[in-house]
K.L.:
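The structure that follows is given in the form of structure tokens.
For the numbers below, each heavy atom of this structure counts, side chains included, while hydrogens, waters and symmetry mates do not. Throughout, residue positions are numbered sequentially from 1 according to the sequence presented.
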Amino acid sequence: KQLIMIMGGLSVVAFFGLTIGTTTEFLIRVLISAGIGIGAVYFWIAAKAKKRMSMIEEQLPDAVELMVRSLRVGHPFTNAISIVSKEIQDPLASEFGVIADEAAYGRDIGEALKDMAERLDMQDLRFLAVAVTIQQQSGGNLAEILAGLAKVIRARFRLFRRVSAITAEAKWSGKFLSAFPIGALILINLGDPNYYDEVMTHRLFVPGCIAVGLFLGANLLVMRKLTDIKV
């Protein structure tokens with residue numbers, strides 16, 4: 001509800017700004033305002049979610065190694081999960097806290113880990129869930145299994161960072177190419193506020209702006225697709 005209210009508020013502000021600054025038709029102003037309000041909140045939430053997932057991926061190897069140490073000193077696996085939820089910082093601590101609570105109420109810990117992996121859509125967590133489930137069904141030294149898994153996760157994380165470094169130039173090129181026209185527009189208006197006065201009232205001005213915005217967004221999507229390498 002709060003996000004919807006923020007979207008509505010931004011849309012209203014954008015609508016009044018377009019009403020004051022342009023002479024476009026009412027329907028076009030409504031559509032552009034809705035796109036600005038919804039798009040801004042969507043990209044903000046997407047950035048927050050990406051940052052949270054990156055932190056979880058970075059914390060996971062340390063969490064698995066902490067489980068290994070807990071198992072080797074004699075703690076049961078449910079206690080090891082609880083220790084991780086208390087010792088590791090958020091956001092991973094909160095996720096493992098949910099697992100610890102579900103295990104305390106009697107839920108199978110392998111199923112709880114599997115659900116968490118699917119909810120977060122992380123391959124490393126799927127590996128953890130599968131390892132725990134197999135150990136529950138067939139037995140074995142869970143500490144040694146998780147120790148090997150921690151090494152695999154760290155190796156995958158290092159490879160992911162290397163791929164990110166290699167593709168960083170292409171990603172920033174896409175962002176720069178999309179941001180440059182907007183920056184040029186702002187600088188032109190600051191230098192000469194009346195530069196676009198003769199064309200702003202033309203019937204093709206707003207559709208042209210929309211087309212340019214769509215092309216800039218397509219540029220970002222294409223560059224992201226080209227640099228999205230699965231590890």
Side-chain angles (χ1 to χ4, degrees), residues 1-3 6 41-168 171-172 224 227-231:
K1 293 181 180 180
Q2 292 177 351
L3 291 177
I6 294 173
V41 175
Y42 173 80
F43 284 111
W44 175 60
I45 294 297
K48 297 284 286 184
K50 184 178 180 180
K51 181 179 179 181
R52 185 175 185 272
M53 292 299 296
S54 299
M55 292 177 65
I56 290 177
E57 290 176 348
E58 188 173 353
Q59 290 176 310
L60 186 58
D62 294 332
V64 176
E65 289 179 350
L66 181 56
M67 291 181 208
V68 172
R69 291 193 293 270
S70 300
L71 291 171
R72 284 175 175 170
V73 298
H75 291 292
F77 187 64
T78 52
N79 284 5
I81 293 290
S82 180
I83 291 171
V84 168
S85 67
K86 296 176 182 177
E87 298 295 332
I88 298 294
Q89 296 181 350
D90 279 333
L92 190 59
S94 298
E95 297 293 339
F96 274 98
V98 173
I99 302 297
D101 293 339
E102 290 177 343
Y105 283 103
R107 189 182 184 188
D108 180 73
I109 197 165
E111 291 295 326
L113 286 170
K114 182 180 178 181
D115 286 348
M116 182 177 73
E118 295 300 326
R119 184 175 69 251
L120 298 178
D121 193 21
M122 284 185 58
Q123 190 63 36
D124 293 334
L125 281 174
R126 292 189 182 99
F127 292 156
L128 176 62
V130 169
V132 172
T133 302
I134 292 175
Q135 192 276 336
Q136 287 178 334
Q137 295 175 355
S138 60
N141 191 334
L142 183 57
E144 294 300 326
I145 296 173
L146 294 183
L149 178 61
K151 294 179 181 178
V152 172
I153 294 174
R154 284 197 182 278
R156 279 170 50 83
F157 185 72
R158 286 196 298 268
L159 180 60
F160 179 77
R161 283 294 180 89
R162 184 175 299 178
V163 170
S164 298
I166 293 172
T167 58
K171 291 178 180 178
W172 280 105
R224 178 177 295 182
T227 57
D228 185 16
I229 301 175
K230 299 296 182 182
V231 179

K.L.:
What closest approach, in Å, do Ile81 and Ala100 show between heavy atoms, and which atom pair accounts for it?
P.N.:
CG2-N, 3.9 Å
K.L.:
Name the one of Ile145, Leu66, Leu142 that satisfies side-chain contact (heavy atoms from CB on, under 4.5 Å) with Leu71?
P.N.:
Leu142
K.L.:
Nearest 0.5 Å, what's the CD1-CG distance between Ile99 and Leu113?
P.N.:
5.0 Å
K.L.:
Would you say the side chain of Leu60 lies within less than 4.5 Å of the side chain of Val64, judging by non-hydrogen atoms?
P.N.:
yes
K.L.:
Which heavy atom of Phe96 sits nearest a heavy atom of Ser85, and at what distance?
P.N.:
C-CB, 3.8 Å
K.L.:
Set out, in order, the CA-CA distance, both residues' side-chain angles and the distance that settles side chain to side chain contact (heavy atoms under 4.5 Å, CB included) for Val84 and Met67, then state yes or no.
P.N.:
CA-CA 7 Å; Val84 168; Met67 291 181 208; 3.6 Å; yes
K.L.:
For residues Pro91 and Met55, report the shortest heavy-atom separation together with the two atoms involved.
P.N.:
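Reported closest heavy-atom pair: CD-CE, 3.7 Å.
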K.L.:
Keeping the roles fixed (side chain from Gln59, backbone from Leu92), state whether a donor-acceptor pair exists under 3.5 Å.
P.N.:
yes
K.L.:
Kindly say whether Asp90 contributes a backbone atom to a donor-acceptor pair with the side chain of Ser94 at under 3.5 angstrom?
P.N.:
no
K.L.:
At what distance, to the nearest 0.5 angstrom, does CD of Glu111 lie from CG of Asp108?
P.N.:
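Taking CD in Glu111 and CG in Asp108, the distance rounds to 5.5 Å.
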K.L.:
Could you walk me through whether Glu65 and Asp62 pass side chain to side chain contact (heavy atoms under 4.5 Å, CB included), step by step?
P.N.:
CA-CA 5 Å; Glu65 289 179 350; Asp62 294 332; 4.2 Å; yes
K.L.:
Do the non-hydrogen side-chain atoms of Arg52 and Lys48 ever get within less than 4.5 Å of each other?
P.N.:
no
K.L.:
Can you measure from CD (Glu95) to CZ (Arg119) and round to the nearest 0.5 angstrom?
P.N.:
4.5 Å
K.L.:
What is the minimum heavy-atom distance between Arg154 and Pro61, and which atoms define it?
P.N.:
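Here Arg154 and Pro61 meet closest at CG-CB, 3.5 Å.
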K.L.:
Is the number of heavy atoms from other residues, nucleotides or ligands within 6.0 Å of CZ (Arg72) greater than 12?
P.N.:
yes
K.L.:
Between Met116 and Leu125, is there a side-chain heavy-atom distance shorter than 4.5 Å?
P.N.:
yes
K.L.:
Working to the nearest 0.5 Å, report the span between OH of Tyr105 and CG of Asp101.
P.N.:
7.0 Å
K.L.:
Would you check if Leu146 and Leu128 make a side-chain contact, meaning some heavy-atom pair closer than 4.5 Å?
P.N.:
yes
K.L.:
Heavy-atom distance under 4.5 Å between the side chains of Asp121 and Arg126, does that happen here?
P.N.:
yes
K.L.:
May I ask you to test the Lys86-Ser82 pair for a side-chain heavy-atom distance under 4.5 Å?
P.N.:
yes
K.L.:
Enter the distance from Phe157:CZ to Asp124:CG here, rounded to the nearest 0.5 Å.
P.N.:
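Phe157 atom CZ to Asp124 atom CG measures 10.0 Å (nearest 0.5 Å).
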K.L.:
Nearest heavy-atom pair of Thr133 and Gly110: which atoms, and what distance?
P.N.:
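Taking Thr133 first and Gly110 second, the nearest heavy atoms are OG1-CA, 3.9 Å.
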K.L.:
Measure across Ile83 and Ser70 and return the closest heavy-atom pair with its distance rounded to 0.1 Å.
P.N.:
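That closest heavy-atom pairing would be CD1-OG, 3.7 Å.
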